[in-house]
Amino acid sequence: MRQLADRIDLIAPSPTLALDAKAKALKAAGQDVISFGIGEPDFNTPDHIREAAIKAIRDGFTRYTPADGILELKEAVCAKFRRDNRLGYQPGQVVISNGGKHTLYNIFLCLFQPGDEVIVPAPAWVSYEPMLHLVGARPVLVKTSPDNGYTLTPAELEAAITPQTRGLVINSPSNPTGMTYGAGRLKELAAVILRHDLWVVSDDIYEKLIYDDCQFANLPMIEPALYDRTVIAHGLSKTYAMTGWRVGFLAGPEKVARSVAKVQSQTTSNPCSISQKAAVAALNGPQETVGEMVKSFSRRRDLVLRLLADIPGVTCPKPQGAFYVFPDISAYFGKKSGEQVLKTSDDLAGYLLDKAGTAIVPGSGFGDDHTLRLSYAVSDEDIVRGLGRVKEALLALK
Ligand code: PMP
Ligand code: GLU
């Protein structure tokens with residue numbers, strides 16, 4: 001008798017979460033492991049947000065809420081889009097879910113089906129491809145080049161489109177490269193998207209984590225004709241250091257939002273009532289802590305880039321957002337650690353975990369085997385210590 005559904009064999013566990021679990025287990029066993037692995041702010045959730053959650057508990061706000069989220073939070077989301085993006089949404093176009101990941105999965109489930117192809121510019125975040133497999137769609141990873149700032153060009157998009165193409169996922173600032181799409185590139189892509197009548201899933205989760213004088217933009221901000229063809233996936237995990245609270249949200253055409261609400265009502269009911277009250281405080285409350293976090297991340301990005309530049313053979317484009325760097329380490333392929341020849345990003349990351357005590361995600365999970373992904377949501381001290389150890393371990397290879 002078949003034990004499990006075939007779809008389970010289409011995916012592997014999330015490599016970012018798996019590495020984080022491994023690093024935590026090594027630390028618990030007393031090893032000095034510095035984690036550049038998981039993409040998670042190392043700050044606490046700001047006090048006023050935590051207080052709002054405590055108040056929600058004290059007030060007994062502990063029961064089921066509407067499945068697609070409380071009106072107060074949907075209104076706060078609409079206000080955020082008006083304020084930050086000049087995009088007008090009504091609460092009926094918004095759904096609150098259990099984290100950005102859940103939001104994306106719901107969107108894919110409602111938009112795509114077997115036979116559909118969905119274009120994902122690569123390198124790409126580890127979960128798009130497995131989620132698309134789970135809903136039966138075919139992810140089409142289109143490799144982008146560091147020479148184009150790892151952004152998809154209109155020619156690359158055009159070349160990947162077939163009669164089966166139904167959608168495109170855009171993630172800017174990007175996990176894993178930290179690169180962002182500028183207004184000019186988005187305008188060029190919009191022309192192709194409109195010509196082929198595609199859905200856009202815009203993963204804007206790193207919107208606020210953007211550096212220097214770089215300006216955030218997404219497709220419906222740049223091309224209003226795409227408003228009806230775009231679903232924005234967003235969440236509070238990164239902006240407000242709220243990874244554990246599990247709050248994500250979408251905004252898009254009402255028919256998509258209502259479909260997601262229907263699915264959610266049958267599969268999970270509402271997101272956590274207490275987290276929703278905290279999310280209202282996050283979106284409507286003071287935003288200074290976001291600015292402070294961005295300042296720290298920007299400083300750490302510069303520090304990481306300086307230290308990486310000091311390692312012979314390692315090259316790394318300068319990211320404008322998120323909190324990741326994506327250096328090319330392939331100059332070390334073919335070198336030996338004892339008898340083992342290191343041939344892949346997985347080999348290199350495994351070697352660095354063993355010999356340098358640093359947890360770093362191999363680029364393979366993001367669709368690029370020449371690279372490693374480092375999260376710099378790590379203290380300055382650990383960055384200096386960790387990258388010092390990485391350099392020493394790489395130079396020790398024969
Ligand atoms: N999109 C991207 C690109 C991410 O890096 C993450 C981080 N996990 C998410 C979505 C989802 O975040 P969360 O589920 O924590 O809200
Ligand atoms: N997005 C973060 C990362 O890429 C968190 C882990 C995950 O969701 O994959 O590390």
Side-chain angles (χ1 to χ4, degrees), residues 12-20 22-23 35-42 100-101 104 119-132 139 141-152 156 169-181 201-211 214 216 233 235 237-238 243 297-298 300-301 304-305 307-308 314-330 344-350 352-353 358-378 383 386-387 390:
S14 161
T16 48
L17 298 188
L19 179 72
D20 192 54
K22 194 165 173 186
S35 185
F36 296 98
I38 191 104
E40 173 168 57
D42 58 323
K101 233 177 207 174
L104 281 160
I119 294 173
V120 181
W125 176 48
V126 294
S127 293
Y128 299 130
E129 199 180 354
M131 285 192 205
L132 286 165
L141 268 72
V142 178
K143 208 167 166 42
T144 62
S145 157
D147 301 337
N148 294 321
Y150 284 120
T151 55
L152 185 70
E156 286 164 343
V169 177
I170 292 281
N171 171 220
S172 173
S174 145
N175 178 2
T177 66
M179 296 309 202
T180 62
Y181 282 76
V201 177
S202 185
D203 182 351
D204 295 1
I205 198 153
Y206 294 102
E207 167 178 7
K208 294 288 177 187
L209 304 185
I210 203 157
Y211 313 119
C214 195
F216 173 81
S237 291
K238 318 288 172 177
T243 44
F297 287 144
S298 160
R300 291 170 184 179
R301 175 200 58 171
V304 167
L305 288 173
L307 294 168
L308 285 174
V314 172
T315 56
C316 186
K318 183 177 185 179
Q320 301 102 31
F323 36 58
Y324 308 106
V325 285
F326 201 58
D328 186 320
I329 39 70
S330 57
T344 62
S345 62
D346 287 71
D347 291 347
L348 245 293
L352 291 173
L353 185 58
T358 51
I360 298 176
V361 194
S364 57
F366 304 91
D368 185 323
D369 199 31
H370 291 89
T371 48
L372 298 175
R373 190 201 74 173
L374 287 84
S375 158
Y376 52 85
V378 174
I383 290 173
L387 288 183
V390 166

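From a predicted model like this one, the values you see are computed outputs, not experimental measurements.
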Peer 1: Taking Arg300 for its side chain and Ala377 for its backbone only, find out whether a donor-acceptor pair lies under 3.5 Å.
Peer 2: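 It does not hold such a pair.
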Peer 1: Going by salt bridge (charged side-chain N to carboxylate O under 4.0 Å, His left out), name the residues that satisfy it together with Lys208, two or more places apart in sequence or in a different chain.
Peer 2: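 Salt bridge (charged side-chain N to carboxylate O under 4.0 Å, His left out) list for Lys208, sorted by chain: Asp84.
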Peer 1: Is there a donor-acceptor contact under 3.5 Å from the side chain of Arg301 to the main chain of Phe323?
Peer 2: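 Here the side-chain-to-backbone pair does not exist.
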Peer 1: Going from OG1 on Thr315 to CG on Asp328, what distance comes out if it is rounded to the nearest 0.5 angstrom?
Peer 2: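 Thr315 OG1 to Asp328 CG: 4.5 Å, rounded to 0.5 Å.
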Peer 1: What I want to check is whether the side chains of Ser174 and Ser172 have a donor and an acceptor closer together than 3.5 Å.
Peer 2: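 No, no side-chain donor-acceptor pair sits under 3.5 Å.
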Peer 1: Examine the side chains of Asn171 and Tyr206 and answer whether a donor and an acceptor come within less than 3.5 Å of each other.
Peer 2: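 Checked: Asn171/Tyr206 side chains show no N/O donor-acceptor pair below 3.5 Å.
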Peer 1: Checking Thr144 side chain against Ala122 main chain: does a donor-acceptor pair fall under 3.5 Å?
Peer 2: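 It does hold such a pair.
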Peer 1: Using side-chain contact (heavy atoms from CB on, under 4.5 Å), reason through Thr16 and Arg373 one step at a time and then give a plain yes or no.
Peer 2: CA-CA 10 Å; Thr16 48; Arg373 190 201 74 173; 3.7 Å; yes
Peer 1: One pair to check against side-chain contact (heavy atoms from CB on, under 4.5 Å): Tyr128 and Val201. What are the steps and the verdict?
Peer 2: CA-CA 11 Å; Tyr128 299 130; Val201 177; over 6 Å; no
Peer 1: Determine whether a donor-acceptor pair (N or O, by modelled atom type, separation under 3.5 Å) exists between the side chain of Asp203 and the backbone of Ile205.
Peer 2: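 Yes, Asp203 side chain to Ile205 backbone: donor-acceptor pair under 3.5 Å.
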Peer 1: Which residues pass the side chain to side chain contact (heavy atoms under 4.5 Å, CB included) test with Ser364, not counting sequence neighbours?
Peer 2: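 Residues passing side chain to side chain contact (heavy atoms under 4.5 Å, CB included) with Ser364: Ser345, Asp346, Pro362, Asp369.
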Peer 1: Is the ring pair Tyr376/Tyr211 parallel, tilted or perpendicular, if the boundaries are 30 and 60 degrees?
Peer 2: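 Because their plane-to-plane angle lies in the 30° to 60° range, the rings of Tyr376 and Tyr211 count as tilted.
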Peer 1: To the nearest 0.5 Å, what is the distance between CG on Leu352 and CD1 on Ile360?
Peer 2: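 Separation between the atoms: 5.0 Å.
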Peer 1: Looking only at heavy atoms, which two atoms of Gln320 and Cys214 are closest? And how far apart?
Peer 2: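 Result for this residue pair: CB-SG, 3.8 Å.
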Peer 1: Could you check Asp42 against Phe297 for side-chain contact (heavy atoms from CB on, under 4.5 Å), going step by step and ending with a plain yes or no?
Peer 2: CA-CA 10 Å; Asp42 58 323; Phe297 287 144; 4.1 Å; yes
Peer 1: Decide side-chain hydrogen bond (donor to acceptor under 3.5 Å, both in side chains) for Tyr181 and Tyr150; before the verdict, give the C-alpha distance in whole Å, the side-chain angles of both, and the deciding distance to 0.1 Å.
Peer 2: CA-CA 9 Å; Tyr181 282 76; Tyr150 284 120; over 6 Å; no
Peer 1: Ignoring hydrogens, what is the shortest heavy-atom contact between Gly365 and Pro15? Give both atom names and the distance.
Peer 2: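 Heavy atoms of Gly365 and Pro15 come nearest at CA-CG, 4.3 Å.
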Peer 1: What pair of heavy atoms forms the shortest contact from Phe326 to Pro317, and how long is it?
Peer 2: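 Heavy atoms only, the tightest pair is O-CD, 4.1 Å.
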Peer 1: Any side-chain heavy-atom pair from Leu305 and Val325 closer than 4.5 angstrom?
Peer 2: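 Yes. Closest side-chain heavy atoms under 4.5 Å.
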Peer 1: How long is the span from the CG atom in Leu104 to the OG atom in Ser127, to the nearest 0.5 Å?
Peer 2: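 Atom-to-atom, Leu104:CG and Ser127:OG are 8.5 Å apart.
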Peer 1: If every non-hydrogen atom of Phe216 is compared with every non-hydrogen atom of Pro173, which pair is closest and at what distance?
Peer 2: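 Looks like CD1-CD, 4.1 Å.
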Peer 1: For Pro139 versus Glu129, what's the shortest heavy-atom pair and its separation?
Peer 2: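 Scanning both residues, the minimum pair turns out to be CG-CG, 3.5 Å.
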Peer 1: Do Lys238 and Asp204 sit within salt-bridge range, that is, some charged N less than 4.0 Å from a carboxylate O?
Peer 2: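 Not counted as a salt bridge, because no side-chain N and carboxylate O are separated by less than 4.0 Å.
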Peer 1: How close do Glu156 and Thr151 get, counting heavy atoms only, and between which atoms?
Peer 2: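 Nearest pair, atom of Glu156 first, then Thr151: OE1-O, 3.9 Å.
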Peer 1: Quick one, Leu374 with Thr358, criterion side-chain contact (heavy atoms from CB on, under 4.5 Å). Give me CA distance, side-chain angles, the key distance, then yes/no.
Peer 2: CA-CA 10 Å; Leu374 287 84; Thr358 51; over 6 Å; no
Peer 1: I need the Ser375 OG to Phe36 CZ distance, nearest 0.5 Å.
Peer 2: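 The OG atom of Ser375 sits 9.0 Å away from the CZ atom of Phe36.
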Peer 1: Roughly how far, to the nearest 0.5 Å, is the CG atom of Leu372 from the CG atom of Leu348?
Peer 2: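 Output value for this atom pair is 5.5 Å.
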